[in-house]
*Asks:* 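Dumping the structure here so I can ask a few things about it.
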Amino acid sequence: DTRTRHIRNFYDFMASRKLSGVKDASAQIISDYVASLQGYSLVYNKHRLGTLRNYFRFLHKSGFLETDWSDAVPRVFAAKNRTIPALWGKSEIEYLLNSIDRGNPVGKRDYAIILLVAQLGLRISDIAELRLGNLKWERKEIEVIQHKTGRPIVHPLPESAGWALIDYIRYARPKIESPYAFLTANAPYGQMSPATVGCVLARRMNRCGIEKRPGMTSGMHSLRHALARRLLEDGTLLETVADIMGHTSYSSTSPYLKVDVEGLRECALSLEEAFADD
């Protein structure tokens, strides 16, 4: 879906230039398109242009285009984990949750979704795919097969998140036959898409007046970042945090060490220690 959106954006750009299709592509058009991406993050542009490069290569190898324009698409270098994640504080999350009106179906649903991300670190794809059968009430656990990694993971279900789920499922969830836990609020009712789940946080931030700080990502992933930080601050081992977050590699978890300020202080050497061997 993401790659399709990236390619569609390029077609929209060509349409704005009154071009009939991809066969009208040229090095100049590609250059103009790249210039239009100024202002977006390096990582975003890296993925968008990488998709476009692969698309042109496919069109040429499949015979749709005589010219392989993939070499005309510039490569963007974006170092991994180049920044320190800007994270939510505990009081901010509490303010956000308390601002949600749980007297209506959408409020009950959004409250439960945000709690699951903030307390368990579930990805939006796993929220969208969460089924009623994944809720093991007798054991107070949630079992999911992670959409991103394909690996099974079991989370303990905190009491607050459990009651939020019960409140939504019993009193707000549309009464239709569907295996999915979270459904759209308007007819025709059905499974929420990851994109729809991802919009929940931005909508709630806007309603309660929380503004995005410079350098802060306001997507659902930012709540996962905050959870990882809290776990590290509580002394949780990095490998345990990696398991909770559903990472397949410690390299995905290591950026959160940057925000464990107290832990970093313990690693610091005094000047005397640093120059002891000189």
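As a basis for the values below, the full set of heavy atoms in this structure was taken, side chains included, without hydrogen atoms, waters or symmetry mates.
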*Asks:* State which residues pass side chain to side chain donor-acceptor pair (under 3.5 Å) with Asp24; sequence neighbours excluded, sorted by chain then number.
*Replies:* Ser20
*Asks:* Quick one about Asp68 and Ser70 (side-chain donor to acceptor, distance below 3.5 Å, no hydrogens or angles considered), yes or no?
*Replies:*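 Yes, a side-chain donor-acceptor pair sits under 3.5 Å.
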*Asks:* Above 12 or not: heavy atoms from other molecules or residues under 6.0 Å from CG of Asn186?
*Replies:* no
*Asks:* Between Cys199 and Thr196, is a side chain to side chain contact (heavy atoms under 4.5 Å, CB included) present by the stated rule, with each step listed?
*Replies:* CA-CA 5 Å; Cys199 291; Thr196 303; 5.8 Å; no
*Asks:* Any ring pair (Phe, Tyr, Trp, His ring centres under 6.0 Å) pairs touching residues 19-39, not counting sequence neighbours?
*Replies:*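 For residues 19-39, and leaving out neighbouring residues, the ring pair (Phe, Tyr, Trp, His ring centres under 6.0 Å) pairs sorted by first residue read Phe10-Tyr33, Phe13-Tyr33.
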*Asks:* Does any part of the side chain of Val43, heavy atoms only, come nearer than 4.5 Å to the side chain of Val76, both counted from C-beta?
*Replies:* no
*Asks:* Heavy-atom distance under 4.5 Å between the side chains of Pro74 and Leu49, does that happen here?
*Replies:* yes
*Asks:* Could you list the residues that satisfy side chain to side chain donor-acceptor pair (under 3.5 Å) with Thr2, not counting sequence neighbours?
*Replies:* Arg5
*Asks:* Taking all non-hydrogen atoms of both residues into account, name the closest pair between Ile176 and Gly190 and its distance.
*Replies:* CD1-N, 4.4 Å
*Asks:* For Val106, enumerate each residue passing the side chain to side chain contact (heavy atoms under 4.5 Å, CB included) test, keeping only those at least two apart in sequence or located in another chain.
*Replies:* Asn104, Arg109, Asp110, Ala185, Arg203, Arg204
*Asks:* Linking I/L/V/M/F/W/Y whenever their side-chain heavy atoms sit closer than 4.5 Å, directly or via other members, would Leu52 and Phe58 fall into one cluster?
*Replies:* yes
*Asks:* Taking side chain to side chain contact (heavy atoms under 4.5 Å, CB included) as the test, write out the residues that go with Leu130, two or more places apart.
*Replies:*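 Once residues adjacent in sequence are excluded, the partners of Leu130 under the side chain to side chain contact (heavy atoms under 4.5 Å, CB included) criterion are Leu116, Asn134, Leu135, Ile142, Val144, Ala181, Phe182.
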*Asks:* For the residue pair Ser193 and Ala128, what are the closest heavy atoms and their distance?
*Replies:*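 In this case the closest contact between Ser193 and Ala128 is C-CB, 4.0 Å.
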*Asks:* Any pair with a residue in residues 169-195 that passes salt bridge (Lys or Arg N to Asp or Glu O under 4.0 Å), sequence neighbours left out, goes on the list, sorted by first then second residue, please.
*Replies:*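 For residues 169-195: none.
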*Asks:* Can you hop from Leu132 to Val154 via hydrophobic side chains spaced under 4.5 Å?
*Replies:*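 They do not share one cluster, since no chain of ILVMFWY contacts under 4.5 Å joins Leu132 to Val154.
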*Asks:* I'd like to check the ring-ring contact (aromatic ring centres under 6.0 Å, His included) partners of Tyr180; sequence neighbours left out, ordered by chain and number.
*Replies:* none
*Asks:* Could you go step by step and tell me if Thr184 and Gln191 meet the side chain to side chain contact (heavy atoms under 4.5 Å, CB included) rule?
*Replies:* CA-CA 6 Å; Thr184 55; Gln191 177 191 10; over 6 Å; no
*Asks:* To the nearest 0.5 Å, what is the distance between NE2 (His60) and CG (Asp71)?
*Replies:*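 Between atom NE2 of His60 and atom CG of Asp71 there are 9.5 Å.
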*Asks:* Mind checking what makes side chain to side chain donor-acceptor pair (under 3.5 Å) contact with Glu66, not counting sequence neighbours?
*Replies:* none
*Asks:* Is a side-chain donor or acceptor of Lys108 paired with a backbone partner of Arg102 at a separation under 3.5 angstrom?
*Replies:*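 At least one qualifying donor-acceptor pair exists.
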*Asks:* Heavy-atom count around Tyr11 OH within 6.0 Å, excluding the residue itself: above 12?
*Replies:*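 Atom OH in Tyr11 is packed in, count exceeds 12.
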*Asks:* Do Arg3 and Asn54 have side-chain heavy atoms sitting under 4.5 Å apart?
*Replies:*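 The answer is yes; the side chains approach within 4.5 Å.
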*Asks:* Using the ring pair (Phe, Tyr, Trp, His ring centres under 6.0 Å) rule, collect all pairs that involve residues 94-153, keeping only residues at least two apart or in two chains.
*Replies:* none
*Asks:* Residues two or more places apart in sequence or in another chain: which of them pass side chain to side chain donor-acceptor pair (under 3.5 Å) with Glu94?
*Replies:*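 With neighbours one apart ignored, the set is empty.
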*Asks:* Please lay out, stage by stage, how His6 and Tyr44 fare under the test ring-ring contact (aromatic ring centres under 6.0 Å, His included).
*Replies:* CA-CA 10 Å; His6 290 337; Tyr44 182 74; 5.8 Å; yes
*Asks:* I want to check something: taking the side chain as every heavy atom from C-beta on, are His155 and Glu143 in contact at a cut-off of under 4.5 Å?
*Replies:*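 No. Closest side-chain heavy atoms not under 4.5 Å.
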*Asks:* Quick check: closest heavy atoms across Pro105 and Ala172, and the distance to 0.1 Å?
*Replies:*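 That would be CA-CB, 3.5 Å.
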*Asks:* Does a side-chain heavy-atom distance below 4.5 Å link Lys136 with Glu138?
*Replies:* yes
*Asks:* Verify the distance criterion only: is there a donor paired with an acceptor across the side chains of Ser31 and Gln28 at less than 3.5 Å?
*Replies:*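 Their side chains do not contain a donor-acceptor pair, so the 3.5 Å distance test is not met.
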*Asks:* Which pairs, with at least one residue in residues 51-64 and sequence neighbours excluded, count as a salt bridge (Lys or Arg N to Asp or Glu O under 4.0 Å)?
*Replies:* none
*Asks:* How far apart are the C-alpha atoms of Leu201 and Leu96, what are their side-chain angles, what is the distance that settles it, and do they pass the side chain to side chain contact (heavy atoms under 4.5 Å, CB included) test?
*Replies:* CA-CA 9 Å; Leu201 181 60; Leu96 173 71; 3.4 Å; yes
*Asks:* Main chain of Arg151, side chain of Thr149: is a donor-acceptor contact present, judged purely on distance under 3.5 Å?
*Replies:* yes
*Asks:* How many angstroms lie between atom CG of Leu115 and atom CG of Leu122, to the nearest 0.5 angstrom?
*Replies:*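 Reported to 0.5 Å precision, the distance equals 11.0 Å.
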*Asks:* Let me see the working for Tyr171 and Ile166 under side chain to side chain contact (heavy atoms under 4.5 Å, CB included), right down to the final yes or no.
*Replies:* CA-CA 8 Å; Tyr171 307 113; Ile166 290 172; 5.5 Å; no
*Asks:* How long is the gap from CG on Asp12 to CZ on Arg17, to the nearest 0.5 Å?
*Replies:* 13.5 Å
*Asks:* For a 4.5 angstrom cut-off between non-hydrogen side-chain atoms, does Ile127 reach Val200?
*Replies:*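 Counting from C-beta outward, Ile127 and Val200 never come under 4.5 Å.
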*Asks:* Should Met14 and Val22 count as side-chain neighbours, where that means a heavy-atom distance under 4.5 Å?
*Replies:* yes
*Asks:* Show me, pair by pair, the donor-acceptor contacts under 3.5 angstrom made by side chains of residues 157-164, not counting sequence neighbours?
*Replies:*
unit_1, atom_1, unit_2, atom_2, d
Ser160, OG, Gln119, OE1, 3.3
Ser160, OG, Gln119, NE2, 2.9

*Asks:* I'd like to check Ile114 versus Ile100 (side-chain heavy atoms, cut-off strictly below 4.5 Å). Are they in contact?
*Replies:*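 A side-chain contact under 4.5 Å exists here.
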*Asks:* Which heavy atom of Glu92 sits nearest a heavy atom of Ile210, and at what distance?
*Replies:*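 Closest approach of Glu92 to Ile210, heavy atoms only: O-CD1, 4.2 Å.
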*Asks:* With clusters defined by side-chain heavy atoms of hydrophobic residues (ILVMFWY) lying less than 4.5 Å apart, directly or transitively, does Tyr189 cluster with Tyr168?
*Replies:*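 Linked within one cluster.
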*Asks:* Working to the nearest 0.5 Å, report the span between CG of Leu120 and CD of Glu141.
*Replies:* 11.0 Å
*Asks:* Indicate the atoms forming the closest heavy-atom contact of Ile145 with Gly150, along with that distance.
*Replies:*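 Taking Ile145 first and Gly150 second, the nearest heavy atoms are CG2-O, 3.6 Å.
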